[in-house]
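Have a look at the structure below, then the notes.
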Amino acid sequence: MNFQQLRIIQEAVRCHFNLTEVANALFTSQSGVSKHIKDLEDELGVELFVRRGKRFLGLTEPGKEVVEIVKRMLLDANNIRHLAAQFSQSDQGQLCVATTHTQARYALPPIVSQFKAAFPKVRLVLYEASPSEIVAMLLSGEADIGIATEALADVTELITFPFYEWHHAVIVPESHPLVATRPLTLEAIAEYPLVTYHEGFTGRSRLDTAFSQAGLAPDIVLSALDADVIKTYVELGLGVGIIAAMAYHPAKDTGLRLLDSTRLFEKNTAWIATHKGHYLRNFAYQFMSLCNPELNELISKRAG
């Protein structure tokens with residue numbers, strides 16, 4: 001069993017057994033992929049894939065067991081490379097952080113600034129992705145650290161740490177009737193069209209739950225991936241906006257009014273996540289500590 005065969009097995013699962021995609025991902029030919037698989041099956045004496053003619057449909061029972069071992073072997077191989085780099089270049093290398101637009105735009109800029117000042121030789125790669133994409137990037141090893149509100153805490157293969165807590169807030173144009181509404185209620189908000197986050201992003205599920213529990217079905221006329229788009233359409237009068245409170249800047253959003261809705265919606269937690277067993281360089285732990293200084297001891301215990 002060689003390293004190329006291991007990578008082919010991993011990519012076959014990731015590409016849903018499409019050998020053309022596997023070949024493209026590994027910069028080789030489809031016939032070469034098929035030969036590597038056949039050679040490995042001959043060596044092991046068992047079939048790893050369920051076939052229909054030349055098509056691969058899934059994994060056999062032995063194949064499922066082998067895939068789990070392959071994952072561990074590739075993770076260990078990657079850890080060896082990271083370990084060597086740790087000792088040879090302790091303050092150099094690359095750190096890949098996958099996060100959502102909201103975190104990248106509003107929460108991470110001061111942290112990135114501090115990190116680059118402390119580690120100027122480290123190449124920081126910041127990927128913007130959906131929560132589900134962030135999970136996939138962490139599990140595949142494409143990202144070292146993931147940051148998001150959704151999805152991360154529900155995946156058993158990930159180690160998660162709290163980043164910070166935040167609340168949603170209502171935004172309206174200065175002249176909107178809700179500005180004078182006291183107290184602000186879900187019923188009052190639901191009388192108007194709403195503009196807020198797309199499902200699966202930035203705590204949207206908490207908003208849906210709050211309205212549902214109140215027996216309300218608000219008219220969400222537009223959903224977006226980031227607060228800047230939501231604010232733009234609220235300014236145009238399309239509806240009442242609900243955004244992460246941190247995305248509102250009084251000096252910049254001069255045409256909008258922020259209405260406190262802390263008591264109307266449950267608080268949210270943004271999470272920092274890494275893949276269990278994934279070897280991280282010291283500067284990666286320093287990045288997480290900058291996100292939340294209280295994590296220093298917790299990170300050393302849980303990641304050790």
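For the single chain, residues carry numbers from 1 onward in sequence order. These numbers were taken from a predicted model, which means no experiment stands behind them.
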- Message: Tell me if the centroids of the rings in F287 and F283 come within less than 6.0 Å of each other.
- Response: no
- Under 3.5 Å donor-acceptor, K116 side chain and K121 backbone: no
- Query: What residue among T149, T102, T202 forms side chain to side chain donor-acceptor pair (under 3.5 Å) with W166?
  - Reply: T149
- Report yes or no: does T185 contribute a side-chain atom to a donor-acceptor pair with the main-chain N or O of A188 at less than 3.5 Å? yes
- Task: Please determine if K276 and E157 form a salt bridge, counting it only when a charged side-chain N lies under 4.0 Å from a carboxylate O.
- Result: no
- Message: Would the distance check show the side chain of T60 and the main-chain N or O of L48 forming a donor-acceptor pair, the cut-off being under 3.5 Å?
- Response: yes
- Message: With side chain to side chain donor-acceptor pair (under 3.5 Å) as the rule and sequence neighbours excluded, what pairs involving residues 205-220 come up?
- Response: R204-D208
- Hey, are R105 and D226 close enough for a salt bridge, meaning a charged N less than 4.0 Å from a carboxylate O? no
- Got a donor-acceptor contact below 3.5 angstrom from the E150 side chain to the G203 backbone? yes
- Query: Going through the checks in order, is the side chain to side chain donor-acceptor pair (under 3.5 Å) test met by Y164 and N268?
  - Reply: CA-CA 8 Å; Y164 66 97; N268 298 272; over 6 Å; no
- Message: Please determine whether a side-chain nitrogen of the Lys or Arg among K64 and E61 lies less than 4.0 Å from a carboxylate oxygen of the Asp or Glu.
- Response: yes
- Message: Can you tell me how the ring of H168 sits relative to the ring of F265, calling it parallel under 30°, perpendicular over 60° and tilted otherwise?
- Response: perpendicular
- Item | Any donor-acceptor N or O pair under 3.5 Å, side chains S130, E133 | yes
- Message: Once ring pair (Phe, Tyr, Trp, His ring centres under 6.0 Å) is applied, what residue pairs with a partner in residues 185-204 remain, sequence neighbours excluded?
- Response: H176-Y192
- Query: Under 3.5 Å, is there a donor-acceptor pair between the side chain of T269 and the main chain of P162?
  - Reply: no
